[in-house]
Structure formats: structure tokens, C-alpha cells
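Chain A is the first sequence line, chain B the second, and so forth, proteins listed ahead of strands; every chain is numbered from 1.
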Amino acid sequence: MSKDKSAKIATPQAVRGTQDMLGDFADRFQHVVDRFEHVRRLYGYKRIEVPVIEPTAVFARSLGETTDVVSKEMYSFEDRGGEGVTLRPEFTAGIARAYITNGWQQFAPLKVATHGPLFRYERPQKGRYRQFHQLDAETIGSDSPLADAELLVFADQLLKELGVGEGVTLTLNTLGDAESRDAWRTALVEHFMGHRGDLSEDSLARLDKNPLRILDSKDPKDRPIADSAPDIDAYLTNEAQDFFAAVTAGLDAAGVAWERNARLVRGLDYYRHTAFEFVTDRLGAQGTVIGGGRYDGLIETLGGPATPAVGWAAGIERLAMLLDADVIDNRLDAVIAVEDDGQLALAMKALTALRGSGFSTEIVASGSPRKRFDKAAKIPAHALISIGTRDGESYINIRGDSERTIAAKAIVQAL
RNA sequence: GCGACCAUAGCUCAGUUGGUUAGAGCGCCGGUUUGUGGUACCGGAGGUCGCGGGUUCGAGCCCCGUUGGUCGCCCCA
């Protein structure tokens, strides 16, 4: 820190909506990723890595030109070669692109999982950031409802392993196949046009852009109109009905609790058939923890072969916020207090021996020697080792109760 | 893009109707006490009160602007 105030340098600030994580939250974040990696292996999902940056067309074409994500939330720019590129706002489109350009059709049906940062130019608020992070799982090349069900069971198990299953419910809907969805959409537009004078301003805009979204409007003005709108059920083809029945049967067989939400629609244009969200009321305005669905038309939209696919994404920060306070135990195995600098060499020897044997260990050897014990005692650890001099002799005292403490004790005493 | 609220020490905050050198707790540094001990006490470092204007004899406090943060709308994980 400079004492010369006239020479004070202005510190650049973090970019809005990005976050720096230290300690507890960083641990929780990593815990979510660790459990995800564990569960995705149990379900046979292959690990993949895809670029954070893609040609803008990858997202613009697949998400729908009129969606908010494409029209106003993408971090897009020209690179030095004049290429239009975008920081990925979601995983699915990039994975679909990779599937096509790498010829992964040969592995279909392909089950893949990944996680990492995404970017959306939005106003930050609780549970929402400009750089945020998701877990992602996709099954590409399967038109079986069992694929949908497997993905949902996977998500359910992940939530249970994280200990957040209780406060989160799976809400499920079907948007039908293309035929069903178009018929329903036409009926909805007709219904809403009949009430256009009573709709909120936002919903009038939605009527042009994405009439389905009026269904889950939060505006009380819209509720009676949305609630009286026709359900998709009447417009579902037999195939679409059978498909949805097979998905829910799969969930029931696996013992996964779910709720039908006939009002659930999802923002991106590519969804077909199954649409779902795992929601909670514990995150303020951002209730969705995991969201996804089937996107049978997407890969074709990107110039690939007609390929059915289904997947979901989960917000890592949102899951991390839901974790109980006690799930993270980052206590060290031991902490050493050096109460006499004359014993520093002995303390360093003990420190090295413990760390070398796989015991996480920290040392307190600075500041007033008589305060080091207290300082060390405040560091969360299973064992507290004090090293000093008493009656002209060096001494080592170890306090702690766990089995690892006893093992650590043996190592130190062998010195 | 729109709205509400907030901004004082490294952190969490107090600061009366506008009134002298702006405080506390925690943390950090030093000392005393205790001497197998997570205690208590004393002292120290650290702030142009986010920034810029204005009102006033006088502004941390009132007004305007600006930047940043938080929460909500929109949208989404």
C-alpha cells in the first residue's frame, strides 16, 4: 500500500456481473462440480470440452433471432480477422455444432456432459450474472423417451446428492412435436388476440415475438387471460401424447417426483416435446435451478442431418447457493503453532513430514510468539500442534480427537 | 432497456434536528496477563465519509448529477 496519496493509481474494477470467489463460496462452487462429475459418470455421460467462443451464427441461428438472448444479450464482436464471434450464452448450440463438424454422428446416440462459463449481457441480480456457470448434459441422436427420462433421473440424483432435493421440484410439460406445437400456437394467438385490449404492455409485445410466453406472465393483469387459454393437450398428436406418457412412465418407474405444469414454456425456439424446469422458491426471483428439454430440430437448423436430441443445463451458482452451510468441510488435518522461534527448524520438519504424508497442514510462525497458539486455534483444523521450548527442552504437544489426528501424531513423534 | 433501495477504516456497521480533532466490533501489529493455554486488558497502524457540483457561517447528514453495488421487472441456469 502506497503512502504517497498524490501518486494514487486508480484500480480498474471488475467487469459488471462477474464475480471473484474466495474461500467458502469457491468451495461450494467446486463441490457442485465435483458431485456433477461423479453422477454423470454413473449415468455413462462422456466428458466433452467445447470452445467458449463460437461463430455468431451458431447461436443466432439456433436459439431464434427474436429471442432476448440473441437480440440483446450476446457478447458479440468482430475478431481481428473480421470474423463475427460470440462468447457462448449457452452450451447446447455449441455442442450441436461440434457434433456436426466432428462427425460425432458415428457415436450416436451420444451422451455427453460438460461445465464451464457462459456469458449474457443482462442486468445482474440475485442468482444472475453476466459471466455465470452451468453444468450441462445432452443425449444426441436418440428419439427415445427413455433418453428424456434418463436425463431427468440423472438431474434428480444430482440434486439429491447435493442435498437440495427437498426444496426443489421438477415441473414438466410437453410442447408436442412440430405439428402439435404449431396448432397450439395458432390457437393461443387466436385466444390472446381476442383479449388483446386487456393484456399488459409486455404481453402485447410477446404476442408478436413469442406468444407462448404470455402463458407464464407474472403480471396479474394477464393471469385470467393466460389461465383461460387452451392447454396444449387438445392439440397433441397421438404420437406426441404417447411420447409424453412414456417419459412420465419412466420417471414414475424410477421414483422421481414430478408435477405437470401445462403453463411451462421455454424461451428458446428449438424446444420440442419435453420441456422441464427444476424450480425452487429459495432463490428470490430466479427460481429455476435446472432447465432443459428436447430439441429435435436444432441440429438440422445448423445444417446437420435431422437428429433428435434432449438435454439440460444447471446453474452452478444457483445450486451452490442452495447448499446447506455444513456440506463443506474445509478443515485442515493439522495446524502448527511455533511458540519459540528457536524451534522453527523442528516445526518446519514436522510440517514437511505431515504434508509429505498427505496431511493438509498449515503453520503459524509469525507475530508475537505468545499469541501464536491463539492464532493457530482459530484456524479450523482437526489437530492443533504446538511446538516450543520448556525448561530448556523442546516440546511438541498435539491436541485433537479424530483418527487422523492419531495418525498425524505418530508421524510427528517419529521425528 | 426500466424501477426501487444503498454507498462511512481491510470486513460488518453506528454516527441524534446539519455543529469542534468521524466512532465501535472483528481483523492486523506491539505490549501486559495466563503458562498445556482458544482468556482478559492496554496501546498502535489504518478514513480527504464512492466521485463531482450546489445550498449553508458550517455538510458524513440536505439538493442535483455521476459511478458502483443490491434487489425487482424483462429474460433466463
Side-chain angles (χ1 to χ4, degrees), chain A residues 1-3 5-6 8 10-19 22-23 32 63-64 66-74 88-92 115-137 155 168 200-203 205-206 209-210 213-214 216-219 265-268 276-280 283-293 311-322 335 337 339-340 364 366-381 384-391 395-399:
Chain A
M1 255 192 249
S2 172
K3 300 223 167 177
K5 285 171 185 169
S6 63
K8 201 164 189 178
T11 304
Q13 292 182 314
V15 172
R16 169 173 245 162
T18 62
Q19 23 176 11
L22 168 69
V32 171
L63 306 192
T66 61
T67 59
D68 279 27
V69 171
V70 171
S71 64
K72 59 185 198 194
E73 295 176 1
M74 293 205 302
R88 64 185 178 200
E90 61 133 38
F91 273 114
T92 306
H115 58 83
L118 294 299
F119 302 85
R120 266 155 28 190
Y121 194 85
E122 297 183 275
R123 195 71 186 270
Q125 64 189 71
K126 188 181 176 76
R128 203 170 70 183
Y129 311 94
R130 288 188 175 177
Q131 178 182 335
F132 60 106
H133 302 80
Q134 288 184 346
L135 312 169
D136 187 272
V168 180
S200 69
E201 219 171 292
D202 283 336
S203 286
R206 283 189 275 238
K209 283 168 55 183
N210 192 347
R213 300 239 46 129
I214 300 175
D216 53 11
S217 169
K218 286 178 190 167
D219 194 317
V265 294
R266 294 193 47 79
L268 309 179
F276 56 86
E277 290 182 356
F278 287 80
V279 297
T280 180
L283 286 177
Q286 272 60 242
T288 305
V289 154
I290 299 178
W312 53 250
I316 299 178
E317 287 90 347
R318 292 185 185 178
L319 288 171
M321 286 189 281
L322 289 178
V335 57
E339 299 194 276
D340 176 358
V364 177
S366 64
S368 171
R370 51 174 52 169
K371 286 183 177 168
R372 290 181 195 165
F373 184 93
D374 290 356
K375 200 193 274 186
K378 286 177 185 168
I379 297 173
L384 175 52
I385 301 171
S386 52
I387 297 178
T389 307
R390 192 161 164 73
D391 302 327
Y395 72 87
I396 300 178
N397 183 53
I398 303 180
R399 291 187 9 170

* Asked: Distance between the C1' atoms of B:G47 and B:G30, in whole angstroms?
  -> 22 Å
* Asked: Base, sugar-phosphate alone, or nothing: which one does A:Tyr121 contact when heavy atoms must sit under 4.0 Å apart?
  -> nothing
* Separation of atom CD in A:Gln19 from atom C1' in B:A77, rounded to whole Å -> 13 Å
* Asked: Once you round it to whole Å, what is the distance between C1' of B:U34 and CG of A:Asp374?
  -> 10 Å
* Asked: Side chain of A:Arg399, base of B:G38: donor and acceptor closer than 3.5 Å?
  -> yes
* To do: Report the distance from atom CD of A:Glu73 to atom CZ of A:Arg123, rounding to the nearest 0.5 Å.
  => 13.5 Å
* **Secondary-structure notation, RNA chain B, from Watson-Crick and G-U pairs under 3.5 angstrom (| other strand)** => (((((((..((((.....[...)))).(((((.......))))).....(((((..]....))))))))))))....
* **Pair of N/O donor and acceptor under 3.5 Å linking B:C75 base with A:Arg128 side chain** => yes
* Asked: Are A:Arg370 and B:U32 close enough that a side-chain N or O sits under 4.0 Å from OP1 or OP2?
  -> yes
* Asked: Which whole number of Å gives the distance between the P atom of B:C61 and that of B:G53?
  -> 14 Å
* Asked: Rounded to the nearest 0.5 Å, how far does CD of A:Gln19 lie from CD of A:Glu317?
  -> 5.0 Å
* Nearest-0.5 Å distance that lies between atom OG1 in A:Thr92 and atom CD in A:Gln134 -> 8.0 Å
* Structure fact -> Here the distance between atom P of B:G37 and atom NZ of A:Lys378, to the nearest Å, is 17 Å
* Asked: Within the structure, does a side-chain N or O atom of A:Gln125 lie under 4.0 Å from either OP1 or OP2 of B:G72?
  -> yes
* Does a distance-only test, which skips hydrogens and angles, find a donor-acceptor pair under 3.5 Å between the side chain of A:Arg206 and the base of B:C75? -> no
* Asked: Between A:Phe276 (CZ) and B:A77 (P), how many Å, whole number?
  -> 11 Å
* Does the aromatic ring of A:Phe373 sit over the six-membered base ring of B:G38, closer than 5.5 Å centre to centre and tilted less than 30°? -> no
* Interatomic distance where OH belongs to A:Tyr395 and P belongs to B:G37 [whole Å] -> 11 Å
* Asked: Between B:C74, B:G69, B:G35, which nucleotide has the shortest distance from any of its atoms to the side chain of A:Arg16?
  -> B:G69
* To do: Look at the side chain of A:Arg213 and decide which nucleotide, out of B:A77, B:C76, B:C75, has an atom nearest to it.
  => B:C76
* Taking atom C1' of B:G72 as reference, at what distance in whole Å does atom NZ of A:Lys126 sit? -> 12 Å
* B:C75, B:G1, B:A77: which one has an atom nearest the side-chain heavy atoms of A:Arg123? -> B:G1
* Nearest-Å distance, CD (A:Glu317) to P (B:A77)? -> 13 Å
* **Steps toward side chain to side chain contact (heavy atoms under 4.5 Å, CB included) verdict (A:Arg318, A:Thr288)** => CA-CA 8 Å; A:Arg318 292 185 185 178; A:Thr288 305; 4.2 Å; yes
* Can you tell which of B:G30, B:G27, B:G37 lies closest to the side chain of A:Glu339? -> B:G37
* **Minimum side-chain heavy-atom gap A:Lys72-A:Asp68 below 4.5 Å** => yes
* To do: Please evaluate the base of B:G31 for a donor-acceptor partner in the side chain of A:Lys371 within a cut-off of under 3.5 Å?
  => yes
* Counting heavy atoms from C-beta on, name the nucleotide in B:G37, B:A77, B:G72 closest to the side chain of A:Ala285. => B:G72
* Asked: Between A:Lys375 and B:C29, does any side-chain N or O lie under 4.0 Å from OP1 or OP2?
  -> yes
